[in-house]
Protein chains: 2
Amino acid sequence: MARQGLTPDSVTVAGAELADEIGFDAVSPAELARRLGVRTASMYAHIANAADLRARIAALALDEMAEQISLAVLGRAGREALVGMMNAYRDYARRHPGRFTAATWQPGAGDQVLAAGRRHAELTRAVLLGYHLPVEAVPHATRLLGSSLRGFVTLEASGSFDQSRPAAADSWPYVIDGLHTLLSHWNDTFPQPEPEPNKK
Amino acid sequence: MARQGLTPDSVTVAGAELADEIGFDAVSPAELARRLGVRTASMYAHIANAADLRARIAALALDEMAEQISLAVLGRAGREALVGMMNAYRDYARRHPGRFTAATWQPGAGDQVLAAGRRHAELTRAVLLGYHLPVEAVPHATRLLGSSLRGFVTLEASGSFDQSRPAAADSWPYVIDGLHTLLSHWNDTFPQPEPEPNKK
DNA sequence: TTGATTACCTAAGCATATTAGGTAGGAGAT
DNA sequence: ATCTCCTACCTAATATGCTTAGGTAATCAA
């Protein structure tokens, strides 16, 4: 038997590809071993266990996403940066559904995942820079942006929008422009001093 | 051995409680049987298989959520209805993390889940009624609202906001008011005829 | 009490996760 | 070339989970 020459990294990449094909939840040491033409037990030379395999794929996906978003934001500012970031995020999810699921999966996030999470937060903050928000508003705007983005893309990917007309893609511009408008008029929407915008 | 008097419904309820305690992903026929003081094989008298158990819990959660949201929206309109709905959704997720995970879980949604999904869409449309949006805008607004809501609550529940200050709860009013503002000024943000608001 | 129903059980087959210890493929040194 | 070491991969074995088939006894209707 010729050796496959597997390494932790190559196994992780293969796992990511497998996730895109059969779904992240279906990825397991056994399934991946089958795919790689190797016995299940041999996987344990490269990964610690099933959870570790999944965590590695998640970290890989998070890094790839951050990379794509970086490229899309580079050299842009304001609305262009926002559009670039949002589209990069959505495109990645559409191109790599399994990896995207992995990236949005957290149960017991390790250091790798936490670091990638911070990188994403950094990118979002960079995009928001172009909207000149008051400093205290940045965390809130980051979360609002992140929530809408992740929510839409997750729902679209899971097929939740398939039941209704028009196509999900037609609603995407509304999400982008809605966010852009909100960020552009932040101070009008949320009056400055001690913002306690919600009563009841 | 005294009988437990289990039924498909009581098993589903027990499964939902278990999900809130140990996480939806950890719920299985074996684990639930342990909890109920019954042999694993005995579960198959009440459920078809593991996927069926999970689907039942998901349907239960979806129904409970719709119920809570109905109560929160009843007799209210406009901003009050929006706030009621969003808070009901978020509160349910915080009170029942396992059930919430189940409700946002879809892989191969059955009839039950699809019906519940429609009920949720109905409720959202009802809330949007108070904003007097142009008819063509309703699906888009529904998705925008749904995305932000689900995105924020999911991220909050998964602990993604725990790493940064201020507390996640402090950002919640911004999500509510941001959505409210957007819905209130829909026609300003998205000019009427043939809305093709996003270019590049 | 009898009879029927059915909630629960034991037994068994098969798949996966994981560990322990063996074997051989291939790179580098001699 | 051949020796040697490393290690990628293997076989074997245990534990556990999912699922089906076929019994047993608790409960209810008559």
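What's counted below: heavy atoms across the whole structure, side chains too, no hydrogens, waters or symmetry copies. Just so it is clear: chains get the letters A, B, ... in the order the sequence lines come, proteins before strands, and each one is counted from 1. Quick caveat: nothing in here was measured; it's all calculated off a predicted structure.
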Can you hop from A:Met65 to A:Ile57 via hydrophobic side chains spaced under 4.5 Å?
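No: no chain of side-chain contacts under 4.5 Å links A:Met65 to A:Ile57.
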Could you tell me the separation between the [atom1] atom of [X] and the [atom2] atom of [N], rounded to a whole number of Å?
X       : N      : atom1 : atom2 : answer
B:Ile47 : D:dC18 : CD1   : C1'   : 10 Å
B:Met43 : D:dT20 : CE    : C1'   : 16 Å
A:Arg39 : C:dT16 : CZ    : P     : 12 Å
B:Leu32 : D:dT19 : CG    : P     : 13 Å
A:Asp9  : D:dA8  : CG    : P     : 13 Å

Does a nitrogen or oxygen in the side chain of [X] sit under 4.0 Å from OP1 or OP2 of [N]?
X       : N      : answer
B:Arg34 : D:dG17 : yes
A:His46 : D:dC9  : yes
A:Ser42 : D:dC10 : yes
A:Thr40 : C:dT18 : no

Shortest side-chain distance from [X], nucleotide among [options]:
X       : options                : value
B:Ala50 : D:dC9, C:dT19, D:dT19  : D:dT19
A:Asn49 : C:dT18, C:dC8, D:dT19  : C:dT18
B:Ala30 : C:dC9, C:dT16, D:dC18  : D:dC18
A:Ala41 : D:dT11, D:dC18, D:dT19 : D:dT11

Should the ring pair A:Phe152 and A:Phe161 be called parallel, tilted or perpendicular, given that the plane angle runs from 0 to 90° and is split at 30 and 60?
tilted
When you compare the protein's N or O atoms with those of nucleotides 4-6 of chain C, which come within less than 3.5 Å of each other, and at what distance?
from	atom 1	to	atom 2	distance (Å)
C:dT6	O2	B:Arg3	NH2	3.0

Does any N or O in the side chain of B:Asp63 come within less than 3.5 Å of the main-chain N or O of B:Ala116, such that one atom is a donor and the other an acceptor?
no
Has B:Ser10 got a side-chain atom pairing as donor or acceptor with B:Leu6's backbone, closer than 3.5 angstrom?
no
Non-hydrogen side-chain atoms of B:Leu183 and B:Arg79 separated by less than 4.5 Å:
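Side chain of B:Leu183 against side chain of B:Arg79, heavy atoms only: no contact under 4.5 Å found.
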Using a 6.0 Å cut-off, check whether atom CZ of B:Arg125 has over 12 heavy atoms from anything other than its own residue.
yes
